[in-house]
Amino acid sequence: GYWTTDHLPVNRGFHGHLGFLGGGESYIHGLMTRCGDGGIADMWHDHEPAVDLVGGDFYNTNFFTSGAVDAIKNRNSSKPLWLHLLHQAVHTGDHRSPPEWEQWPGQPDYMSALHVLDDGIGNLTAQLRESQLWENTIFMLSADNGGDCGYQSGFASNFPLLGRKCQSYDGGTRTAAFVAGGLIPAALRGTTNDDLFHVADWYHTLSKLAGVDP
């Protein structure tokens, strides 16, 4: 989204967008700390920089979870909702410990960051149920790549797959994922599938389920 304004999410099919455009956001929301940017603020709301949202000490995982919950609460109930939530947690590099009240005593920052992410997903699904949407929902959760074992972090393991993040081996490109929600046929709930499914297939499959010609 950062190349030109034509590439912003709101100019490529999304009705609304809140998030960063670069590839190295800090866990302090809106502060870019990688790629040589030296702490340049990076937070956009639809077509403009989200100047009013940058600043303060808001932990990013909580920030995006809150935004997603608000989107469900304030949705247009006359239309289907597609909610695309891209948490950066958990990620190697700048984990930054979560707020003190959400830290696991004696555990690495990585584990505390994962704990906050887990709570956030729970808050999201709870809101879907409260809004009476869960039974009409397809909920998908997936990692974006294999673990970064032995490179920046020692927490990850892709065994028995070969390779890691940034490599084209299975260990770098094959991830765990699950699908839930009330629209999943009862016969498929609780089952596992070890077949390959490419991320590019999601768009076509979901468009068909929604009755849209992709």
Do the non-hydrogen side-chain atoms of [X] and [Y] ever get within less than 4.5 Å of each other?
X	Y	result
R75	L83	no
L133	F139	no
H7	T4	yes
Q88	F20	yes

What residues, two or more places apart in sequence or in another chain, satisfy side-chain hydrogen bond (donor to acceptor under 3.5 Å, both in side chains) together with N76?
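Result, side-chain hydrogen bond (donor to acceptor under 3.5 Å, both in side chains) vs N76: S78.
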For [X], ring pair (Phe, Tyr, Trp, His ring centres under 6.0 Å) partners two or more places apart:
X	value
F197	W202
H17	none
H15	none

I need the full list of side-chain hydrogen bond (donor to acceptor under 3.5 Å, both in side chains) pairs touching residues 126-135, with sequence neighbours left out, sorted by first then second residue.
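Non-adjacent pairs meeting side-chain hydrogen bond (donor to acceptor under 3.5 Å, both in side chains): Q127-S131.
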For [X] against [Y], the heavy-atom pair lying closest together:
X	Y	value
T5	N11	O-ND2, 2.5 Å
W44	P49	CE3-N, 3.7 Å
T65	T61	OG1-O, 2.9 Å
S142	T175	OG-OG1, 3.5 Å
D46	L8	O-CD1, 4.0 Å
L117	V90	CD2-N, 4.1 Å

For L85, what residues pass the side-chain contact (heavy atoms from CB on, under 4.5 Å) criterion, not counting sequence neighbours?
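Testing L85 for side-chain contact (heavy atoms from CB on, under 4.5 Å), a comparison that skips the adjacent residues, returns F64, A68, H87, L124.
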Chi angles and distances behind the side chain to side chain contact (heavy atoms under 4.5 Å, CB included) call for R12, D6
CA-CA 8 Å; R12 296 177 66 83; D6 288 341; over 6 Å; no
Exam field: side chain [X] to backbone [Y], donor-acceptor pair closer than 3.5 Å:
X	Y	result
N136	L183	no
N145	K165	no
T125	I121	yes
N74	A71	no
D170	L161	no
R189	I184	yes

With rounding to the nearest 0.5 Å, note down the distance linking OG1 in T205 to CD1 in I138.
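Here the rounded value is 9.5 Å.
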Is it the case that one hydrophobic cluster holds both M140 and L86, taking links as side-chain heavy atoms less than 4.5 Å apart, direct or via other members?
no
Is it the case that H115 and S112 place a side-chain donor and acceptor less than 3.5 Å from each other?
no
Does atom NE2 (H47) have a neighbourhood of more than 12 heavy atoms from anything else shown, all under 6.0 Å?
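It does: H47 NE2 has more than 12 such atoms within range.
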Worked verdict on Y59 versus V116 for side chain to side chain contact (heavy atoms under 4.5 Å, CB included)
CA-CA 10 Å; Y59 191 65; V116 178; 4.0 Å; yes
